[in-house]
Number of protein chains: 2
Amino acid sequence: MKIQEEIARCENMCVHTDIVDSAARNMPDEEVLYDLAELFKIFGDSTRIRILYALLEQEMCVCDIAQLLNMTQSAISHQLRVLKQSHLVKFRRDGKTIYYSLADSHVHSIISQGMEHVEE
Amino acid sequence: MKIQEEIARCENMCVHTDIVDSAARNMPDEEVLYDLAELFKIFGDSTRIRILYALLEQEMCVCDIAQLLNMTQSAISHQLRVLKQSHLVKFRRDGKTIYYSLADSHVHSIISQGMEHVEE
DNA sequence: CGTTCATATGAATAACTGTTCATATATAAT
DNA sequence: ATTATATATGAACAGTTATTCATATGAACG
């Protein structure tokens, strides 16, 4: 039947308009939420989380991190690039060695909040 | 030294043994860091972030969320399942409708910390 | 200079993930 | 019971991503 098909095709019949409207008003810009997701995506990889965790204590060179995590220098270097581009780590050069450290204190608080949720 | 012999993964000889040793002592269990990464992975998708953000204000049904985010009911339902399995949202049934809401207060604080980093 | 060492990077591959489509389930209404 | 509605789910596909391998860069030092 034609009318029923049209109705059935409208998959949003159950919408509570007032709720959706109020939620829509309170949602941040698409772009902000996209950036937020991108930030958490960086933390959402166990290699990167382990690198960040290691750097909570002290600065380390690429080779130190590779040794600590038992991974290749190349794999660590690739991930450090991601962390660098996200402004989560910074680095300084000392001769041939490049030391990486955390870029700001947000890393610490974000990890701490996550830990609280995990340790339950 | 000892660790250097145990872990010979990094082919370079630049390892600072004391730094690696001290970092190794302070690293949490592999499993904990894996779980932590898994948690952040959930936040690392803009659809899920937007769902969580919408639920900060009030509970919503699947169809409401689909309308709000302009996505299909199926896509939202799939993501709600992920959020459910991660214990980030809970739900209650009211007739044919199922209302979703945040499972605990950690979601709020994790998002807030992330926002502080993004808004710079 | 050329060599060595620490790090970076491009390409390829394998594994993973989000959405769509079709369909199933379950509750409510007639 | 039959139909309608709200949500859930399995399979497939497309897009993404982490690691490996090979090689490049770039600084230090004889």
Side-chain angles (χ1 to χ4, degrees), chain A residues 1-16 19-20 34 37-38 40-51 59-86 89-101, chain B residues 9-16 19-20 34 37-38 40-51 59-86 89-101:
Chain A
M1 288 181 273
K2 192 153 192 287
I3 292 177
Q4 280 173 349
E5 276 177 354
E6 282 178 357
I7 291 172
R9 240 180 256 139
C10 176
E11 63 178 357
N12 288 332
M13 274 190 62
C14 53
V15 170
H16 305 81
I19 290 181
V20 174
Y34 180 82
E38 287 301 304
F40 285 124
K41 204 172 286 181
I42 306 297
F43 287 83
D45 174 81
S46 65
T47 297
R48 287 191 294 264
I49 273 282
R50 288 190 298 162
I51 293 175
E59 67 178 8
M60 297 178 81
C61 75
V62 180
C63 210
D64 290 344
I65 300 173
Q67 176 112 338
L68 175 67
L69 305 186
N70 192 28
M71 293 179 65
T72 65
Q73 173 269 322
S74 179
I76 300 302
S77 189
H78 277 295
Q79 295 299 354
L80 283 171
R81 183 154 75 118
V82 174
L83 293 170
K84 217 188 308 178
Q85 286 169 341
S86 310
V89 302
K90 60 185 194 297
F91 62 96
R92 71 177 179 88
R93 170 157 234 142
D94 179 19
K96 278 180 285 191
T97 306
I98 294 181
Y99 291 95
Y100 281 85
S101 56
Chain B
R9 193 65 191 270
C10 186
E11 65 273 14
N12 298 333
M13 290 287 95
C14 54
V15 173
H16 305 80
I19 291 181
V20 174
Y34 180 82
E38 288 300 304
F40 285 124
K41 205 172 285 181
I42 306 297
F43 288 83
D45 174 81
S46 63
T47 297
R48 287 191 293 264
I49 274 283
R50 290 190 297 160
I51 292 175
E59 65 177 9
M60 296 179 81
C61 75
V62 180
C63 214
D64 290 344
I65 300 172
Q67 173 102 340
L68 175 68
L69 304 187
N70 192 30
M71 293 180 67
T72 66
Q73 173 269 320
S74 179
I76 300 300
S77 188
H78 276 296
Q79 295 299 357
L80 283 170
R81 184 153 75 116
V82 174
L83 293 170
K84 217 188 308 177
Q85 286 169 342
S86 309
V89 302
K90 60 184 194 297
F91 63 96
R92 70 176 178 89
R93 171 156 233 145
D94 180 18
K96 278 179 286 191
T97 306
I98 293 181
Y99 290 95
Y100 281 87
S101 58

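Fair warning: this is a prediction, and the values are worked out from it, not measured in the lab. Every chain is numbered from 1 and lettered A, B, ... according to where its sequence line falls, protein lines coming before strand lines.
- With sequence neighbours excluded, the residues that form a side-chain contact (heavy atoms from CB on, under 4.5 Å) with B/Q79 are B/D45, B/T47, B/R48, B/I51, B/V82.
- By the side-chain contact (heavy atoms from CB on, under 4.5 Å) test, A/K84 pairs with A/V89, A/F91, A/Y100, sequence neighbours left out.
- Following rounding to the nearest Å, B/R93 (CZ) and D/dA8 (C1') show an atom-to-atom distance of 10 Å.
- Rounded to 10°, the angle separating the first-five-pair axis and the last-five-pair axis of the helix from C/dC1-D/dG30 to C/dT30-D/dA1 equals 10°.
- The two residues B/I19 and A/E59 have their closest heavy-atom pair at CG2-O, 4.0 Å.
- In this entry the distance linking NE2 of B/H16 with P of C/dC5 reads 15 Å, nearest Å.
- Under 4.0 angstrom from either OP1 or OP2 of C/dA29 there lies no side-chain N or O belonging to B/K96.
- Counting to the nearest Å, the P atom of D/dT5 and the CD1 atom of B/I98 are 17 Å from each other.
- In this structure, CD1 of B/I42 is placed 12 Å from C1' of C/dG18, rounded to the nearest angstrom.
- The distance from the SG atom of A/C61 to the CG atom of A/L80 is 10.0 Å, given to the nearest 0.5 Å.
- A/M60 has its CE atom 15 Å from the C1' atom of C/dA6, to the nearest Å.
- Between B/I76 atom CD1 and D/dT7 atom P the separation is 11 Å, expressed in whole Å.
- A donor and an acceptor atom sit less than 3.5 Å apart, one in the side chain of A/Q73 and one in the base of C/dA8.
- For the pair B/N70 CG and C/dT19 P, the computed distance is 13 Å after rounding to whole Å.
- For C/dA6, neither phosphate oxygen OP1 nor OP2 lies less than 4.0 angstrom from any side-chain nitrogen or oxygen of A/Y100.
- Both A/G95 and A/R50 lie near DNA chain D, and the one whose nearest nucleotide falls closer to the 5' end is A/R50.
- Distance B/L69 CG to C/dG18 P: 15 Å, rounded to the nearest Å.
- For B/N70, there are no side-chain contact (heavy atoms from CB on, under 4.5 Å) partners, not counting sequence neighbours.
- Remark: B/R93 pairs with no residue by the side-chain hydrogen bond (donor to acceptor under 3.5 Å, both in side chains) rule, at least two apart or across chains.
- Between A/Y99 and C/dT7 there is no side-chain N or O to OP1 or OP2 distance below 4.0 Å.
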Report all interatomic pairs (protein N or O, nucleotide N or O of nucleotides 10-18 of chain D) with separations under 3.5 Å.
from	atom 1	to	atom 2	distance (Å)
D/dG10	O6	B/H78	NE2	2.8
D/dA18	OP1	A/R48	NH1	3.1
D/dA18	OP1	A/R48	NH2	2.8
D/dA18	OP2	A/R48	NH1	3.3

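- Between A/T97 and C/dA6 there is no side-chain polar atom (N or O) within less than 4.0 angstrom of OP1 or OP2.
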